[in-house]
Visitor: 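Sending over a structure as structure tokens; questions will come in a sec.
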Amino acid sequence: MSQIQSLRGMTDLLPDEVHRWNAVENIARKQFGLVGLKEIRTPLLEATELFSRSIGEASDVVGKEMYTFFDRADRSCTLRPEGTASVVRSALQHGLLSQGPQRLWYLGPMFRYERPQAGRQRQFHQLGVEYLGLASSRIDSEVISIAWDLLLSLGLKGLVLEINSLGKAEDRRNYRTCLIEWLQDNFEHLDSDSQKKININPLRILDTKNVDTQKMLKEAPLLINNLCNESLDRFEKVQELLKALEIPFKLNPRLVRGLDYYGHTAFEILSDQLGAQSTVCGGGRYDSLIEELGGADTPAMGFAIGLERLLLILGNSISNDISPDVYFVNKGYQAETNALVLSRKLRAQNISIELDSSGSAFAKQFKRADRSGAKWALVLGDDEVSRGEVFIKRLRNSHDDKSPKQYKISSSDIDQLINFLKDKIKN
RNA sequence: GCGGGCGUCGCCAAGUGGUUAAGGCAGCGGCUUGUGGCGCCGCUAUUCGGGGGUUCGAAUCCCCUCGCUCGCCCCA
């Protein structure tokens, strides 16, 4: 087939689904408005170094999944694989943090070069929240509650919130040494993938999907037993607050987030309806990232929701009604001109109109009017023009509706027509 | 990067070596020179993702290739 197609993993959002996306975005905007978050938009393309420094060279995202290329000036550029690094970069670049803590949200496409599968595309969309400059454990629970409440307000059910604490950098270093030791003692029982990861990224072995490895890992030392008292206290406090908020959660001592910048609270929200890619939302605290990117030592916490996965769970349970208020049936030389002019006047009054421009038989136009979902049809033909009228017909009547089915209004009295339609559309 | 499944009209599909490639939905036209949601009639793939091969003959068999899909790795 020589027909040009979209690139692998880059999907079109066709008109029939875009309205579902809009519905989600509208609800998210409203929810975030309630919390007083401010939206930020950053470029899709960034200097490669931003991601290699923030996400971590050893991570798969940087190691093998980035869309990286050289521009005409030989600068290494990368299509953003996630949003946090860009938001932090932007905040630092524009001195946002010197104006106090920032509570931000963003929405947009991200890019990762992977084999597409259910709930995973190469261009995908994330909705994220970042709290910059706020250290309290109350922030951890607030951020988690924002994610949780957004998903609830979208009507999602069967979600599970899992949390863990990754502690301080020092806790992780101690644990790493102790884990590597244990893994090496049990080397021959590990699957080959896990064997390879021992020295590169041993913590990641913890959330392997290999069943046998999972079983034996039950004996492995746990990160939580290697946390210092301060880290432990902090984690306890977060749990207390989640209980106060009545948000159910599950402790998952093997939850390790994939990006290097996370510490202390880490969380994921999972759905049982997603197949292999069950994480809808992931986030956590990243107190060292801002400093690593050249800012002052500043605490931060955030999360990202995968919109494709979200829409997958939502199915058709959400949508915006995209039907026009009125479908304009019109036929005949003068009538077609008048209909065009009249449509424009009505649209200026915020009445949405789909104007039929096919010139086909009235029967056909009514068929289309019916399918458009409009509740009212405006009809203009030679007869109406000669009588100086506009014919209005109600479509899709319910059985118990006894109000008249059709009306005639003088075409010279635009105001009457406008008021009539506005009144009808409201109901 | 590695495995499994699949690829026939815009969509859903029948067809597994033999004359003109079912059917449904959608679209267009008509029955009804001007009134929808139902019904009926007609039209819409020289071609089966692409390329090569086997054969008198291929959508059907073989090879290569491209794409989709599910899973692994990893993540949202």
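Keep in mind that the numbers below use all heavy atoms, side chains included, and drop hydrogens, waters and symmetry copies. Every chain is numbered from 1 and lettered A, B, ... according to where its sequence line falls, protein lines coming before strand lines. Treat the numbers as computed from the prediction; the structure is a model and nothing was measured.
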Visitor: Is there a donor in the side chain of A/S411 and an acceptor in the side chain of A/E389, or the other way round, less than 3.5 Å apart?
Guide: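 The criterion, which ignores hydrogens and geometry beyond distance, is not satisfied for A/E389 and A/S411.
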
Visitor: What is the distance from CD of A/E65 to P of B/rC72, rounded to the nearest Å?
Guide: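 Rounded to the whole Å, the gap is 14 Å.
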
Visitor: Contact class for A/A377 (heavy atom, under 4.0 Å): base, sugar-phosphate, or nothing?
Guide: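 No contact.
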
Visitor: When the P atoms of B/rG3 and B/rA58 are compared, how many Å lie between them, rounded to an integer?
Guide: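 My reading of the P atoms in B/rA58 and B/rG3 gives 33 Å.
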
Visitor: Could you measure between the two P atoms, the one in B/rG50 and the one in B/rG10, and give it in whole Å?
Guide: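 About 13 Å, rounded to a whole number of Å.
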
Visitor: May I ask you to decide whether A/R368 forms a salt bridge with A/D356, counting only side-chain N to carboxylate O separations under 4.0 Å?
Guide: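 Looking at A/R368 and A/D356, the cut-off is met.
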
Visitor: Check the distance between B/rG36's C1' and A/D356's CG and give it to me in whole angstrom.
Guide: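 A/D356 atom CG is separated from B/rG36 atom C1' by 12 Å.
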
Visitor: Within the 3.5 Å criterion, strictly below it, is a donor on A/T84 or A/E130 matched to an acceptor on the partner's side chain?
Guide: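 Indeed, the side chains of A/T84 and A/E130 share at least one donor-acceptor pair under 3.5 Å.
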
Visitor: Using Watson-Crick or G-U wobble geometry with both distances under 3.5 Å, which nucleotide pairs with B/rG17?
Guide: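 Paired with B/rG17, as far as the under-3.5 Å criterion goes, is no nucleotide at all.
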
Visitor: Classify the nucleic acid contact of A/G128 as base, sugar-phosphate or nothing, counting any heavy atom under 4.0 Å across all strands shown.
Guide: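 The residue A/G128 makes no contact with any strand.
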
Visitor: Would you say B/rC28 has OP1 or OP2 under 4.0 Å from some side-chain N or O of A/R368?
Guide: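 Yes, within the criterion.
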
Visitor: Can you tell me how far C1' in B/rC9 sits from the matching atom in B/rC48, rounded to whole Å?
Guide: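 One C1' to the other, the span is 10 Å.
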
Visitor: Which nucleotide wins on minimum distance to the side chain of A/Q117, given the candidates B/rG29, B/rG67, B/rC72?
Guide: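 Of the candidates, B/rC72 comes closest.
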
Visitor: Taking any heavy-atom pair under 4.0 Å as a contact, classify A/D60: base, sugar-phosphate, or nothing.
Guide: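 Sugar-phosphate, no base atom in range.
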
Visitor: What's the gap between B/rG30 and B/rG23 when it is taken at their C1' atoms, as a whole Å value?
Guide: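 Going atom to atom, C1' in each nucleotide, I get 22 Å.
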
Visitor: Whole angstroms only, please: what is the NZ-P distance between A/K367 and B/rC28?
Guide: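 So the two atoms are 9 Å apart, to the nearest Å.
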
Visitor: For A/V329, answer base if it contacts any base atom (sugar-phosphate contacts may also be present), sugar-phosphate if it contacts only those atoms, and nothing otherwise; contact means non-hydrogen atoms under 4.0 Å.
Guide: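 Counting heavy atoms under 4.0 Å across all strands, no contact is made by A/V329.
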
Visitor: Between B/rU65 and B/rC25, how far apart are the two C1' atoms, rounded to whole Å?
Guide: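 Nearest-Å result for B/rU65 against B/rC25 at atom C1': 33 Å.
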
Visitor: Could you state the atom-to-atom distance from CG of A/N330 to P of B/rG36 in whole Å?
Guide: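 Taking CG of A/N330 and P of B/rG36, I get 17 Å after rounding.
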
Visitor: Classify A/G381 by what it touches in the nucleic acid, base, sugar-phosphate, or nothing, heavy-atom distance under 4.0 Å.
Guide: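 Base, at least one base heavy atom under 4.0 Å.
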
Visitor: Hey, mind stepping through A/E46 and A/R89 against salt bridge (charged side-chain N to carboxylate O under 4.0 Å, His left out) and telling me if it holds?
Guide: CA-CA 10 Å; A/E46 296 273 5; A/R89 192 228 81 229; 2.5 Å; yes

Visitor: Taking atom P of B/rG27 as reference, at what distance in whole Å does atom NZ of A/K364 sit?
Guide: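 In whole Å, B/rG27 P and A/K364 NZ are 8 Å from each other.
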
Visitor: At 4.0 Å (heavy atoms only), tell me whether A/E384 reaches a base, stays on the sugar-phosphate, or touches nothing.
Guide: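 Here A/E384 touches the bases of the nucleic acid.
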
Visitor: Nearest heavy atom decides the nucleotide; on that basis, is A/H125 or A/D383 closer to the 5' end of RNA chain B?
Guide: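 The residue whose closest nucleotide sits nearer the 5' end is A/D383.
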
Visitor: Taking all heavy atoms of A/R309 and all of A/G119, pick out the closest pair and write down the distance.
Guide: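 Scanning both residues completely, I find the closest heavy atoms to be NE-O, 2.7 Å.
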
Visitor: Under a 3.5 Å cut-off for both contacts, is B/rG37 paired Watson-Crick or G-U wobble with anything, and if yes, with which nucleotide?
Guide: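 With both distances under 3.5 Å required, B/rG37 matches none.
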
Visitor: Rounding to an integer number of angstrom, what distance separates B/rG4 and B/rU44 when you compare their P atoms?
Guide: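 B/rG4 and B/rU44 have their P atoms separated by 42 Å.
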
Visitor: Do A/K38's NZ or CZ and the ring of A/Y106 fall within the cation-pi criteria of under 6.0 Å and 45°?
Guide: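 Negative - A/K38 is either too far from the ring of A/Y106 or too far off its axis.
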
Visitor: Output yes when at least one side-chain N/O atom of A/R115 is less than 4.0 Å from OP1 or OP2 of B/rU69, else no.
Guide: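 So the side-chain polar atoms of A/R115 never come under 4.0 Å of the phosphate oxygens OP1 or OP2 of B/rU69.
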
Visitor: Do the side chains of A/K331 and A/E336 get close enough for a salt bridge, i.e. N-O under 4.0 angstrom?
Guide: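 No salt bridge links A/K331 with A/E336.
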
Visitor: Quote, to the nearest angstrom, the P distance that separates B/rG34 from B/rG29.
Guide: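 Nearest-Å result for B/rG34 against B/rG29 at atom P: 12 Å.
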
Visitor: What's the shortest heavy-atom distance between A/A220 and A/L179, and which atoms?
Guide: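 That closest heavy-atom pairing would be CB-CD1, 4.5 Å.
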
Visitor: If pairing requires Watson-Crick or G-U wobble contacts with both distances under 3.5 Å, which nucleotide is the partner of B/rC11?
Guide: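 By the stated definition (distances under 3.5 Å), B/rG24 pairs with B/rC11.
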
Visitor: Find which nucleotide of RNA chain B each of A/M10 and A/F124 is nearest to by heavy atoms, and output the residue with the more 5' nucleotide.
Guide: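 Closer to the 5' end of RNA chain B: A/M10.
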
Visitor: Starting the side chain at C-beta, find the nucleotide from B/rG36, B/rA76, B/rG34 nearest to A/T279.
Guide: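 Closest nucleotide to the A/T279 side chain: B/rA76.
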
Visitor: So, under a plain 3.5 Å distance rule, would you say the side chain of A/K405 forms a donor-acceptor pair with the base of B/rG36?
Guide: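 Yes, the side chain and the base share a sub-3.5 Å donor-acceptor pair.
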
Visitor: A/Q365 has an atom CD; how far is it from atom C1' of B/rU32, in whole Å?
Guide: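 Going from CD in A/Q365 over to C1' in B/rU32 covers 15 Å.
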
Visitor: Regarding A/S59, tell me which of base, sugar-phosphate or nothing describes its non-hydrogen contacts under 4.0 Å with the strands shown.
Guide: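 Touches nothing.
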
Visitor: Checking contacts here: which listed nucleotide (B/rG30, B/rA76, B/rC70) is nearest the side-chain heavy atoms of A/A118?
Guide: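 Closest nucleotide among those given: B/rC70.
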
Visitor: Roughly how far apart, to the nearest Å, are B/rG67 and B/rG24 at atom C1'?
Guide: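 Per the computed distance, 26 Å lies between those C1' atoms.
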
Visitor: If I take atom OH in residue A/Y327 and atom C1' in nucleotide B/rG37, what distance separates them, rounded to the nearest angstrom?
Guide: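 So the OH-C1' distance, A/Y327 to B/rG37, works out to 14 Å.
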
Visitor: Could you tell me which nucleotide pairs with B/rC68 by Watson-Crick or G-U wobble geometry, both distances under 3.5 Å, or answer none if nothing does?
Guide: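 B/rC68 is paired with B/rG5.
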
Visitor: Can you find a donor-acceptor pair, distance only, under 3.5 Å between A/E114 side chain and B/rG1 base?
Guide: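 Per atom types, no contact qualifies.
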
Visitor: Under a 3.5 Å cut-off for both contacts, is B/rG57 paired Watson-Crick or G-U wobble with anything, and if yes, with which nucleotide?
Guide: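 Check on B/rG57: unpaired, no WC or wobble geometry under 3.5 Å.
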
Visitor: In whole Å, what is the span from the NZ atom of A/K196 to the P atom of B/rC72?
Guide: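 Whole-Å distance recorded here is 16 Å.
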
Visitor: Picking from B/rG29, B/rG71, B/rG34, which would you name as closest to the side chain of A/D382?
Guide: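 Selected nucleotide: B/rG34.
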
Visitor: Let's see if you can work this out: which of B/rG27, B/rA76, B/rG34 has an atom nearest to the side-chain heavy atoms of A/R371?
Guide: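 Looking only at side-chain atoms, A/R371 lies closest to B/rG27.
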
Visitor: What about A/K393: does its side chain form a donor-acceptor pair under 3.5 Å with the base of B/rG36?
Guide: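 Checked by distance alone, the answer is yes.
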
